[in-house]
Each structure stands twice: as structure tokens, then as C-alpha cells.
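Structure first, then comments.
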Amino acid sequence: MILPLVGTALLSLRHHALRSSLTMLGIIFGVAAVVAMTAISEGARAQSLREVESMGLGNILVRSQKPSTPADRTKGGTYVLSYGITAKDRERIAAAVPGVAATIATRLVEQKVWAGPRRVNAQVFATEPAWLRMANLEMRRGRAFNDLDMQRRQRVAVIGDAVAREIFRYRDPIGQGVRIGDTWFTVVGVVAKPSGGGGGMSGDEIGRGIFLPEPAVSISFGSLNVVYEVGSIEYTRLEVSTLVVALAEGADVIRAGELIRHLMGKAHEKDDYAVVVPRELLEQKRRTQRIFTIVMGSIASISLLVGGIGIMNIMLATVFERTREIGIRRAIGASRSDILAQFLTETVVLSFIGGLGGLALGVGGAIAVSRLSEWPTILSPWSMMLAVGISGFVGVVFGIYPAVLASRMQPVEALRAA
Amino acid sequence: MTALIAMRGVTRAYATGRDQRVAVLRGVDLAVERGEFIALMGPSGSGKSTLMHIIGCLDLPDSGTYALDGEEVTGLDDLRLSQLRGRRIGFVFQSFNLIPELTVLDNTELPLFYLGVKPRERRQRSRALLEQVGLGHRLEHRSNQLSGGEMQRVAIARAVIAEPLLLVADEPTGNLDSASGLAILDLFAGLHARGLTIVMVTHDQDTAARAGRIVRMRDGVPQESVA
């Protein structure tokens with residue numbers, strides 16, 4: 001019984017092809033908005049979750065940042081700028097914050113990296129074996145440096161995959177030397193960032209990174225960074241660039257974050273550090289995401305509502321225009337429910353086709369958005385089914401009234417219509 | 001055996017405004033036997049159209065009784081009335097009342113669709129019937145591509161496809177030239193000869209003369225006379 005009704009509906013919709021397609025526009029755009037919106041917001045959500053999770057939800061990151069340069073600083077001359085997290089901070093945090101499993105420091109070493117006469121685009125970090133473990137890096141080749149390397153102050157280096165490609169091309173970098181500043185380090189391992197983890201660094205940072213054991217760095221370069229500027233030499237003293245505070249399983253991360261902020265605030269006069277609690281970030285991102293979803297959801301619903309009203313409007317016009325047809329059908333044996341089913345099917349078919357069109361447009365839009373803006377989008381099957389389901393639902397809701405009106409017409413009066 | 005149409009004291013009034021009703025039928029008694037061919041005549045406003053609608057179960061009387069083929073029609077619900085219209089009654093209208101989007105075949109088989117007949121059988125029956133009325137070459141045409149005479153023949157095919165007991169025709173030749181009109185009346189005569197009961201509303205004396213009996217309506221009451 002349904003199939004012939006759909007056939008009848010398609011026939012009558014095709015008879016007014018232009019009107020039918022214009023009527024569908026509202027639904028098409030509404031559904032397209034739903035599909036594209038969920039694809040974009042799902043993509044954004046997954047990406048921001050990945051970003052935050054790569055910092056480690058059980059970790060707290062304390063970062064050094066250069067305080068704004070004092071305004072009365074005179075150009076020229078030599079001076080030492082000392083800022084950032086100190087070894088003392090690290091000890092205090094390890095001692096005072098409950099649930100700390102480990103504290104792991106990395107320090108940015110401001111030394112240039114050379115491949116023969118060329119400078120290599122790489123950042124050098126002095127760190128410790130625990131950081132390599134915690135960051136959960138993928139060892140592409142060779143090994144990580146270990147506690148023995150630390151004790152013996154070995155000049156060994158673990159390099160990121162992008163750096164390895166740039167310096168060594170297709171040669172095996174393991175056992176080769178890499179020149180950092182004026183000192184040669186032996187490459188023992190190549191790392192890449194895995195899908196999760198990263199210890200607070202992005203995949204790009206890790207690929208472009210060179211990781212050295214802290215003792216070897218201290219004996220080679222000291223703990224002062226030297227920056228040459230025109231007419232001046234700037235020494236900066238930076239003990240720790242990033243301190244990762246890893247908490248034991250089950251520890252209260254939010255509370256620990258507050259405590260660390262408090263400790264750091266008491267020890268530092270200058271604003272030369274930042275405490276990042278990934279778990280807080282996650283909460284924040286979830287909140288903004290929710291607002292985004294609500295806003296986009298309302299826009300999509302309004303557009304579906306308007307689309308539905310448009311369909312109802314046209315269907316009402318259709319019912320009145322086809323009053324005579326209703327009369328004829330009634331005269332040859334159609335019951336009220338036959339007429340109701342006919343018009344309801346027509347509306348549902350109309351909005352369902354609109355829904356499919358909207359789905360195509362939405363999927364196309366999401367793909368275009370991710371191509372053009374490099375936003376990631378995720379097209380989940382459930383959101384597509386939801387969109388098409390919604391369009392069918394809109395058809396039923398806004399089709400009922402015109403269909404009931406059609407079915408209530410008195411046959412004799414309907415036959416008299418022009 | 002009971003009459004096919006048995007009406008007693010049927011009245012019908014229409015509201016013309018607030019608290020105003022115009023009585024169109026004022027107590028109609030009418031009996032039509034199986035196999036009769038009746039012409040329903042009368043000036044406009046005499047109630048013949050209303051009577052025809054009630055006979056065809058498109059409308060119900062305000063009071064009185066109407067039994068069609070022994071079944072009391074007053075008090076039936078919409079579904080049952082619709083089934084009666086589909087199974088027992090065929091309609092032919094002055095303005096043909098075909099559905100313009102549908103082909104000749106689709107128009108003809110539409111009553112069978114509402115009776116739940118399978119598509120194959122619908123096709124077969126409508127094809128056979130259309131060939132009988134001489135439209136075998138027009139099956140796939142849209143109905144608005146036909147001449148008036150052809151449209152009325154499609155309408156007659158549609159009216160009898162469900163093999164009804166009663167054919168109700170409202171001025172079936174009113175919109176046709178005289179040649180086409182005569183052809184339609186010949187079709188009616190043929191159907192009547194095969195035992196179909198026909199009630200035909202007409203203005204035209206010559207058309208009415210083809211019927212076996214003429215019922216003249218005057219002021220909402222039938223005045224019988226034999227043709």
C-alpha cells in the first residue's frame with residue numbers, strides 16, 4: 001500500500017517539478033546545515049581533544065615565558081636576563097604537591113644546528129630520559145638516551161624525523177655526528193610523534209626537535225644562553241623551559257594545578273611562567289564546544305522549521321488547488337484515510353528528497369570546508385541518518401495539517417470546485 | 001426481491017447563512033428496480049443533483065431512509081460509504097472529471113486501486129475495458145490529450161471497471177457534440193442491455209427518451225411519469 005502511494009506522490013511532484021524543488025529548498029538548506037555543522041563540530045572536537053590529550057590529562061605543564069622587556073632597557077652593552085622556572089621551583093613542587101609521581105624538565109638551548117655550511121631549522125632541547133618515555137615518542141630508529149648517558153655525560157642526541165631527513169637525506173643517521181653550536185653530538189636515535197602523547201609538544205615541534213641529555217649540554221654550553229643582537233650581547237639564564245609534573249593515577253589534577261599556581265606565585269615576582277592544566281583546558285574546550293553546538297543547532301532547527309512551514313504552505317495551496325481531484329478520488333471509492341495517506345505521503349516524500357539533497361549538499365560542504373580551511377571534519381553515519389530522519393519527521397509534522405484538511409473535504413463540495 | 005434503490009421520506013437541506021436553511025429535498029420516496037434505466041429531469045434548483053448525490057452515496061440524507069441493494073446507507077461511516085461507492089456505484093460526470101496528470105490506463109484503473117486489486121490484474125482489466133470502448137490506441141495518452149467524446153468514454157470505462165450495480169450519470173452528454181453524445185448514449189444502452197442499472201440526470205428531452213422511465217423533480221419532490 002505504501003509503494004503505490006509513493007509512486008503517486010512522485011508523479012504529482014514531478015508534475016510540478018519547479019514548485020516541488022523550490023519547496024524543498026528550505027529542507028535542503030536545513031539538513032545541509034545540520035550535516036555540515038555536526039561534521040565540522042565533531043572534527044573540531046576530536047582535534048581539540050587530541051591536542052589536549054597529547055599533553056597528558058594526568059599532567060600539569062609549567063612553562064617559562066620571557067617577561068616583557070623593561071621599558072628603560074638601554075640598547076647596547078652586555079647584560080644577563082634571568083627568568084623562568086628554576087630548579088628550586090621544581091624541588092618545591094615535588095615536595096609540596098600531593099600525588100606527584102615525577103617532575104620532568106626540558107630546557108630550550110639557544111644553539112644553532114649545522115649541516116656542513118648550512119643552518120638547519122631545528123630546536124635543541126636539553127632534557128632527561130624520563131621525558132622521552134613520558135612523551136611516548138615513537139622510536140623510528142636506534143634508541144633513546146638513558147641514565148648511563150646522563151651519568152657519563154655522553155654527548156649523544158635523539159633527533160626528530162624531519163631534522164633527520166634534512167641533515168642526512170637517505171643515509172642512516174645512527175652513529176653520525178651532528179654539529180650543535182661548536183660541539184659534535186652523536187645521533188643515537190630518531191623519533192617521531194605517535195598519534196597520542198607528545199609531552200606538551202606538537203608533532204611538528206618533535207619532528208624539528210633535537211633532544212640532548214642535560215649533563216652533556218651543561219658541560220658543552222653552560223646553563224646560560226647567549227643571544228647576539230646588533231650592538232649588544234644578551235645572555236639569558238633559563239634553567240627550565242618546561243616542567244612536566246606527572247601525577248600519580250587517581251590524584252586530583254585540578255587541585256594540584258591550583259597548588260602549583262600558588263607555589264609559583266609566591267616564589268616569582270615577575271610574570272615569567274605559565275601553568276597549563278590540560279584537564280582544565282579540556283573542560284573549557286568542552287564548554288565552548290557545547291555553546292557552538294547549541295548555537296549551530298538552533299540555527300539548523302530554525303532553518304528546518306522555516307523549511308517545514310514552507311512545505312506546509314505549499315501543500316495547503318496544493319490541497320486547495322487539487323480540491324476537484326480529491327472530489328473525483330472520493331467519488332470513485334477513496335476513503336478519508338486514503339486521501340490523508342496520499343497527501344501525507346506526498347509531503348514526506350517531498351521533504352525526504354529534500355533531506356537527501358541536503359545530505360549531499362552538507363557532505364559536499366563539509367568536504368569543501370576541510371579542503372579549503374584545513375579544519376578537520378568528521379562525517380559520522382549517525383549524524384547523516386539523523387539529518388535524513390529529521391527531514392522525514394519534518395514532513396510528517398508539517399504534512400499532517402494539509403492532509404487532514406484534504407481528507408475532511410466533503411465529496412460533493414470538492415466535486416463542485418473549479 | 002428488494003428494489004436496488006429504496007428511498008423513503010428523504011430530506012436534505014443546506015445552510016445558506018446563519019440560522020438559514022434551504023430545504024432542497026422535501027420527503028423523497030423513490031424505488032428503482034434492478035436493471036432499470038431512469039432519467040432524472042427537472043428545472044435547476046429542483047433538487048435533482050442533490051438526489052443524485054444521495055443516490056450515489058456522495059451525500060447523506062438529513063432524515064428518511066435509503067437502502068441500496070438492501071443495505072441501509074444512512075448511518076454508515078466514511079470507510080463503509082467509500083467502499084460502497086467504489087464497489088457498487090459508478091459515476092459519470094458532465095465534465096468527465098478525469099485526473100489530468102494520469103494516463104488513460106491509470107485513470108481507468110484508479111477505482112480498482114482503492115479496492116486493493118493487484119497491479120497486474122488492474123492493468124489487464126482496464127486494458128480490456130478500454131479496448132471495448134474503442135480506446136485501445138489511446139492507453140498511454142494523458143487524459144487531457146483526448147477529445148471530449150474520448151474523455152467521456154474513459155470516464156465510463158472507469159465507472160464500470162469495478163463492475164458496479166448502479167451507474168449514476170450527471171448530464172453525461174451535456175459537454176459533447178451531438179454525434180459524440182449519441183455514441184455515449186449507445187454505450188449506456190449497451191451497458192443497460194447487459195443488466196446495469198442506470199440513473200441519468202439530464203435536461204434534454206431526447207436524451208431522457210432513451211431511458212425506460214422518467215422521474216421529474218419539482219420543488220424537492222419527484223413526480224413520476226412514464227416515458
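In what follows, every chain begins at residue 1, and chains take the letters A, B, ... in the order their sequences are listed.
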Has R21(B) got more than 12 heavy atoms of other residues, nucleotides or ligands less than 6.0 Å from its CZ?
yes

Check whether any side-chain heavy atom of L102(B) lies under 4.5 Å from a side-chain heavy atom of L11(A), and answer yes or no.
yes

Rounded to the nearest 0.5 Å, what separation is found between the CD1 atom of I328(A) and the CG atom of N107(B)?
8.0 Å

Are a donor atom and an acceptor atom from the side chains of R324(A) and S95(B) found within less than 3.5 Å of each other?
yes

Looking at chain A, which one of D106(B), I89(B), L110(B), L79(B) has the largest number of heavy-atom pairs inside 4.5 Å, strictly under?
L110(B)

Heavy-atom pairs under 4.5 Å with chain B are the metric here; pick the option from S337(A), S335(A), A334(A) that has the most.
A334(A)

Side chain, backbone, both or neither: which part of L84(B) has an atom under 4.5 Å from a heavy atom of chain A?
neither

Among R336(A), R322(A), Q410(A), the residue with the most heavy-atom pairs under 4.5 Å to chain B is R336(A)

Just do the side-chain contact (heavy atoms from CB on, under 4.5 Å) check on I332(A) and R158(B) with the steps written out, would you?
CA-CA 8 Å; I332(A) 63 178; R158(B) 182 180 67 184; 3.9 Å; yes

Give me the atom names and distance for the closest heavy-atom approach of G333(A) to Y114(B).
O-CB, 3.8 Å

Determine whether R330(A) and D78(B) satisfy the following criterion, salt bridge (charged side-chain N to carboxylate O under 4.0 Å, His left out), listing intermediate values before the conclusion.
CA-CA 10 Å; R330(A) 294 282 274 140; D78(B) 175 75; 2.7 Å; yes

Do other residues, nucleotides or ligands put more than 12 heavy atoms under 6.0 Å from the CZ atom of R8(B)?
no

Between OG on residue S82(B) and CD1 on residue I339(A), distance to nearest 0.5 Å
8.5 Å

CZ (F113(B)) and CG (D338(A)) are apart, to the nearest 0.5 Å, by 7.0 Å

Return the CD1 to OG1 distance between I99(B) and T8(A), rounded to the nearest 0.5 Å.
9.0 Å

Could you check E325(A) against E101(B) for side-chain contact (heavy atoms from CB on, under 4.5 Å), going step by step and ending with a plain yes or no?
CA-CA 10 Å; E325(A) 179 192 326; E101(B) 294 98 277; 3.9 Å; yes

Might you work through the side-chain contact (heavy atoms from CB on, under 4.5 Å) test for E413(A) and D59(B), ending with a clear yes or no?
CA-CA 10 Å; E413(A) 282 160 33; D59(B) 199 3; over 6 Å; no

At a heavy-atom separation under 4.5 Å, does R80(B) approach chain A through its side chain, its backbone, both, or neither?
neither

Portion of R142(B) that has a non-hydrogen atom of chain A nearer than 4.5 angstrom
side chain

Counting only heavy atoms closer than 4.5 Å, note whether Q342(A) contacts chain B via side chain, backbone, both or neither.
side chain

